[in-house]
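Take a look at the structure set out below.
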Amino acid sequence: MIALVNGHFTDGSRGGMVLRGGRIADFGPHIRNDSVPEGAQIIDCEGDLLSPGLLDMQAFVGEPGGEYRETLASVSRAAMFGGVTSLLTMPNTEPCVDDPAIVDYLRRRAGEKADVRIYPAAALTKGLAGQEISEIGLLQEAGALAFTDGKKSIERAGIMRRTMTYARDFDALVLHFAQDESLRGDGVMGEGEWASRLGLTGIPWQAETIMLERDIRLVELTGARYHAMAVTNPLSLDVIRRAKQAGLPVTCGVSINHLTLNENDIGGYRTFLKVNPPLPTEDVRRELVAAVASGLIDVIVSDHYPQDVETKRVPFAEAAFGAIGIETMLSAALRLVASEDMSLSRLFEAMSAAPAKILNLPQGRIAVGAPADIIRVDLDAPYVVDALKLQSRAKNSPFDAARLQGIVKMVWVGGQLIHSV
Amino acid sequence: MTSAPLFPHRHLLSIEGLRPLEIKLLLDMADEAVDVSRQVEKKRAVLRGRTQINLFFENSTRTQASFELAGKRLGADVMNMSVANSSVKKGETLIDTAMTLNAMRPDLIVVRHAAAGAVHLLARKIDCSIINAGDGAHEHPTQALLDGLTIRRNKGRIEGLVVAICGDILHSRVARSNIILLNAMGARVRVIGPSTLLPAGIEALGVEVFRDMNEGLRDADIIMMLRLQRERMNGAFVPSTREYFRFWGLSAERLALAKSDALVMHPGPMNRGVEIASEVADGAQSLIREQVEMGVAVRMAVLEALSQHLPRDPAPRMGGAA
């Protein structure tokens with residue numbers, strides 16, 4: 001039994017918490033140094049924030065097949081430092097996660113190597129090829145929590161329709177990366193003035209929005225539970241707004257990169273800022289932040305995408321897409337609170353309670369009986385990011401040398417202290 | 001005692017970032033280089049003992065020859081590396097190639113590469129001066145300088161002229177560099193082409209956009225035609241060459257819509273009968289051959305301007321202690 005005292009919660013109220021048997025036994029202002037239950041180990045939180053650990057529902061790892069980029073062990077350490085206690089891994093591995101045996105392997109491997117909770121998402125179509133429905137039922141039995149082809153869109157509407165219809169029978173959550181391949185073409189950044197100035201091929205907003213619009217029509221038709229993995233422009237926000245107003249089972253997410261960086265940061269062809277979908281303009285970034293604040297966008301994800309440095313040390317157009325972010329997600333996101341664009345409670349909701357609800361997981365909230373996945377954060381502690389010192393194997397961080405605030409000082413998963421600085 | 005260098009940049013990576021005075025300085029130096037080039041004895045010693053490497057990742061005849069001549073006229077040892085058929089094909093990365101070259105201690109490297117920004121990447125990894133000879137659809141600064149020089153020598157000024165850049169703006173580094181340079185020097189720049197060949201947000205670069213060539217040519221002082229790459233002609237961006245020539249080709253009749261003393265330019269190589277009619281290309285209003293001559297002069301000017309920043313051996317000591 002552990003008693004955390006002298007902390008505060010995301011709503012600003014002060015108080016403490018008692019963890020027992022891997023669960024939250026009690027919490028609130030009455031948990032004080034002089035009132036903790038007999039026999040409890042007391043930890044003085046010195047006024048720091050106590051919140052549920054973050055749940056990142058979009059992390060690409062690399063195990064199996066890409067261990068040089070990231071392993072379950074290394075992503076777990078990165079997550080721990082970033083205050084992320086649960087994460088959903090994407091199935092784009094080698095081999096990909098389209099077989100129950102691989103889901104089983106990942107779960108056992110994560111149990112051995114990772115201190116945080118790792119949940120595999122499985123392929124929506126066999127071989128991520130966008131042609132045939134994967135074994136959604138068997139994969140679900142093996143423990144797959146959601147179904148997605150990662151950063152590959154299912155181009156053909158007929159296949160998407162049948163896949164969604166089938167998924168609905170299992171009440172399986174479909175995560176889709178909506179992007180029309182032919183509209184993306186060779187695009188490497190957002191279409192517009194900056195791309196034109198840099199002589200780079202642009203990707204129009206419509207590449208995302210047209211596919212998203214199609215998907216929403218298919219949700220209407222099939223009734224499947226659908227989550228749009230990346231909503232990054234005002235046209236797409238309109239589509240989501242209408243879908244939600246119509247009461248469809250639709251949710252969506254946005255990456256921390258799209259909320260805290262803009263395309264001007266690409267500057268002199270900085271390949272670590274090459275992500276897909278591409279970074280927004282500053283105006284659009286503000287709209288996305290407002291959409292998270294209002295709840296139109298449900299969740300914030302890290303979109304953690306480790307890349308070997310060799311695929312980034314090439315000209316921009318030839319560089320690979322992707323940025324790591326699980327370790328810096330929280331402190332980068334706290335910029336949005338510092339700039340008063342978002343309340344602390346909404347920010348944490350978007351990174352814990354909201355994804356937990358979408359994935360039907362019991363964590364992500366502070367309630368009696370909820371899993372004791374708790375982080376203690378010194379919100380004001382400043383630091384300078386040094387990409388080489390990040391825990392991930394890959395070092396492709398767009399926040400290298402950035403000045404951030406917010407250090408995760410302690411992390412409990414299931415009541416066990418796994419991290420302390 | 002040495003005076004401070006006149007040209008403040010160590011590399012020439014783009015026109016963007018050059019101030020009008022710096023552009024003017026390069027054009028003035030190029031004017032002098034034209035005189036040198038027209039003498040019987042063309043050789044100068046500005047770059048004597050210096051090594052210039054022309055590193056071309058894309059095939060190019062005229063630009064490479066032009067840089068080679070320019071370097072040689074200034075006394076440099078010039079080495080051409082056409083990387084289209086070398087170790088880069090065997091998987092060596094751009095950075096490795098750069099490091100290898102760097103170890104050979106060149107003074108100046110002229111680079112052309114198919115990817116926008118590749119030259120910037122090299123400039124960050126290499127110690128010597130870098131000249132961008134074209135990077136993807138980004139910039140081709142010496143082409144814009146030679147175009148500016150050609151215009152200035154024929155019209156006496158750039159300021160106030162109406163310049164129409166016509167054709168495939170989307171894929172053109174020549175267009176980007178020219179838009180920036182001509183704007184900086186006070187010209188009024190128009191771009192003309194089918195919308196499939198115009199980049200998004202091009203207006204933000206300070207140009208007037210025309211889809212109708214007849215309208216766009218009205219009152220133009222300078223007409224700058226761009227090459228349409230063969231692979232873009234057959235349905236990908238425009239339906240056919242004959243349709244393209246019908247609507248965006250520069251015929252003699254169309255040329256008559258511009259000012260009567262309008263001049264025609266083309267960075268070459270031309271597709272006769274696709275973007276430009278032969279009679280126009282070879283006609284009295286054409287500056288196309290003069291552009292080639294100015295190309296050498298401008299590159300001499302750029303090499304000389306950058307050489308001001310090259311490290312020098314200490315002067316030998318004369319006699320005993322001073």
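Order of the sequence lines fixes the chain letters, A, B, ..., with proteins taken first and strands second; residue numbering starts at 1 for each chain.
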All pairs passing ring-ring contact (aromatic ring centres under 6.0 Å, His included) where residues 177-204 of chain B contributes a residue, at least two apart:
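Sorted pair list comes back empty.
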More than 12 heavy atoms from other groups under 6.0 Å of CZ on B:R188
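Count not over threshold, so no.
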Given the options B:G201, B:G117, B:A114, which has more heavy-atom pairs under 4.5 Å with chain A than any of the others?
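Result: the option with the highest number of such pairs is B:G117.
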Which portion of B:L205 sits near chain A, non-hydrogen atoms under 4.5 angstrom
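Looking at B:L205, backbone and side chain both touch chain A.
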side-chain hydrogen bond (donor to acceptor under 3.5 Å, both in side chains) partners for B:R105, two or more places apart
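B:R105 satisfies side-chain hydrogen bond (donor to acceptor under 3.5 Å, both in side chains) with no residue once adjacent residues are dropped.
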Go through the structure and list residues passing side chain to side chain contact (heavy atoms under 4.5 Å, CB included) with B:P239, not counting sequence neighbours.
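B:P239: side chain to side chain contact (heavy atoms under 4.5 Å, CB included) contacts with B:E243.
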Which heavy atom in A:V314 sits nearest to a heavy atom in B:L121, and how many Å separate them?
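For A:V314 versus B:L121, the nearest heavy atoms are C-CD2, 3.5 Å.
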Taking all heavy atoms of B:L94 and all of A:P315, pick out the closest pair and write down the distance.
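Nearest heavy atoms, B:L94 then A:P315: CD2-CG, 3.5 Å.
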Every donor-acceptor pair from chain B to chain A under 3.5 Å, please, each on its own line.
from: B:R124; atom 1: NH1; to: A:G268; atom 2: O; distance (Å): 3.4
from: B:H138; atom 1: ND1; to: A:Y269; atom 2: OH; distance (Å): 3.1
from: B:H138; atom 1: NE2; to: A:Y269; atom 2: OH; distance (Å): 3.2
from: B:R176; atom 1: NE; to: A:S196; atom 2: O; distance (Å): 2.5
from: B:A200; atom 1: O; to: A:S196; atom 2: OG; distance (Å): 2.5
from: B:A204; atom 1: O; to: A:R197; atom 2: NH2; distance (Å): 3.4

